[in-house]
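Computed from a predicted structure; not experimentally measured. Order of listing sets the numbers, starting from 1, for every ligand and every atom in it. Quick note: numbers below take in every heavy atom, side chains included, and nothing from hydrogens, waters or symmetry partners.
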Amino acid sequence: MKRLFCLILAVAALGLCACSADAPAQRELFAMDTLMSLQVWGDETVLGELTGELTRLDALLSVTDASSDIARLNDGATIDGEAAALVARAAEYSAETGGAFDPTVYPLVRLWGFTEETQRVPDSDEIASALAHVGTENILLADNSVTLQNGAAVDLGGIAKGYAADCCAAILSASEATAALLSLGGNVQTYGTKPDGSDWQIGIADPAAPDSAIGVISVGGTAALVTSGGYQRNFTQNGKTYHHILDPETGAPAESGLSSVTVIADCGAMADAYSTALFVMGLDEAIAFWRETQTFEAVFITDAGEIFATSGVSLSGCEFTVVTP
Ligand code: AMP
Ligand code: MG
């Protein structure tokens with residue numbers, strides 16, 4: 001349900017372009033455990049291709065669909081091809097982020113019940129047992145294939161939608177479409193330039209009231225904007241709220257002082273992996289990572305409601321502190 005809010009926000013952002021002369025062709029679908037909305041200018045037929053691609057990737061990468069490559073991998077099979085390549089990339093992002101992003105968190109995700117929607121707080125022994133299977137050293141890469149060891153299990157939930165956005169952008173660039181705005185849960189992909197030539201306006205959810213925007217990011221052309229937020233999926237037990245972004249070190253929901261991170265980059269898969277990782281790192285470490293890499297821009301919202309934006313972000317509608325290189 002909470003994921004719907006991201007969509008509503010993205011749609012609200014779309015509302016800002018409703019004044020353009022040409023109305024987009026649009027479609028909604030449910031894939032990758034979220035409601036997605038697609039808007040395309042200049043080539044209505046590409047909507048069918050995009051829908052097919054998102055459905056295909058869902059079937060390939062879903063951790064809960066027993067016939068997916070990822071479920072087969074978790075079941076002990078060796079996999080190759082596209083899913084194996086994405087697991088290998090996920091392992092690279094894990095190394096780059098010092099393990100803050102870790103696709104082998106699945107035993108923990110399952111323990112906390114985030115996949116099965118049977119959420120509960122596990123005890124420390126259960127967390128320790130699950131943690132014993134977590135770590136990218138358990139991903140064995142050989143040629144183009146992947147196998148797991150030590151009872152490890154992979155969950156690409158932190159990167160799959162960003163990767164799907166990249167695949168959709170590739171389809172769009174091979175089509176007659178001149179512009180598109182794709183909202184895939186917390187992931188927004190812009191493509192091309194709207195008929196009226198104006199920049200894309202993308203709302204960032206207010207973590208304290210996710211159905212309203214706290215600020216608006218302007219981007220020109222093609223970009224991936226990915227938000228990871230504790231408000232997107234969570235449950236409350238004994239008055240405390242537990243969200244779905246887990247700290248692979250503690251085995252518990254990350255308590256880093258951040259309530260959301262939005263990453264803006266050319267590459268959706270990277271933006272998605274980084275948004276999850278930066279959320280786990282917390283503000284100071286995330287800013288240090290940005291200064292080191294300079295491959296993306298980001299907006300951080302702290303638990304106290306303060307907003308920080310790296311110097312390349314065009315943000316309006318809110319007060320914020322600019323983070324300089
Ligand atoms: P996102 O919404 O992109 O931040 O991804 C969160 C999803 O990724 C969760 O629902 C889990 O399936 C998975 N996940 C949780 N914690 C991590 C982590 N530290 N690294 C990688 N994936 C994670
Ligand atoms: Mg992510």
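Distances below 4.0 Å separate heavy atoms of Asp272 from the following atoms of ligand 1: 3 (O). Below 4.0 Å from some heavy atom of Ser228 lie the following atoms of ligand 1, by number and element: 1 (P), 3 (O), 4 (O). Ligand 1 places these atoms under 4.0 Å from at least one heavy atom of Val105: 14 (N), 17 (C), 22 (N), 23 (C). Heavy-atom proximity to Asp102, at under 4.0 Å, picks out these atoms of ligand 1: 18 (C), 20 (N), 21 (C), 22 (N). Interface of Asp155 with ligand 1, defined as ligand atoms under 4.0 Å from a residue heavy atom, comprises 11 (C), 12 (O), 13 (C).
The residue from Ser94, Gly157, Pro103 that puts a heavy atom closest to atom 7 (C) of ligand 1 is Gly157. Proximity annotation for atom 1 (P) of ligand 1: of Val154, Thr276, Leu278, Thr276 comes nearest, heavy atoms only.
Atom CZ of Phe279 is separated from atom OG1 of Thr227 by 11.5 Å, given to the nearest 0.5 angstrom. In this structure, the separation between CD on Gln232 and NE2 on His243 is 10.5 Å, given to the nearest 0.5 Å.
Both Phe101 and Ile70 sit in one connected hydrophobic cluster of ILVMFWY residues. Membership requires side-chain heavy atoms under 4.5 Å apart, directly or through other members.
Because the distance cut-off is set at 2.8 Å, Lys161 fails to qualify as a neighbour of the Mg ion (ligand 2), as none of its N, O or S atoms comes that close. The Mg ion (ligand 2) lies under 2.8 Å from an N, O or S atom belonging to Thr276.
At a threshold of 4.0 Å, the pair Arg89-Glu92 does not count as salt-bridged, since none of the basic side-chain nitrogens sits closer than that to a carboxylate oxygen. A salt bridge links Asp69 with Arg72: the distance from a Lys NZ or Arg NE/NH1/NH2 to an Asp or Glu carboxylate oxygen falls below 4.0 Å. A salt bridge links Arg233 and Asp33; the closest N-O separation between the charged side-chain nitrogens and carboxylate oxygens is under 4.0 Å.
Not close to ligand 1: Phe114, with no non-hydrogen atom less than 4.0 angstrom away. By the 4.0 Å heavy-atom criterion, Ala100 is counted among the residues contacting ligand 1. Note on ligand 1: Pro248 sits in its first shell, one or more heavy atoms being nearer than 4.0 Å.
Relative to the six-membered ring of Trp200, Lys194 meets both conditions, a distance below 6.0 Å and an angle of at most 45° to the axis.
Within the 4.5 Å cutoff, no side-chain heavy atoms of Thr321 are placed close to those of Ile307.
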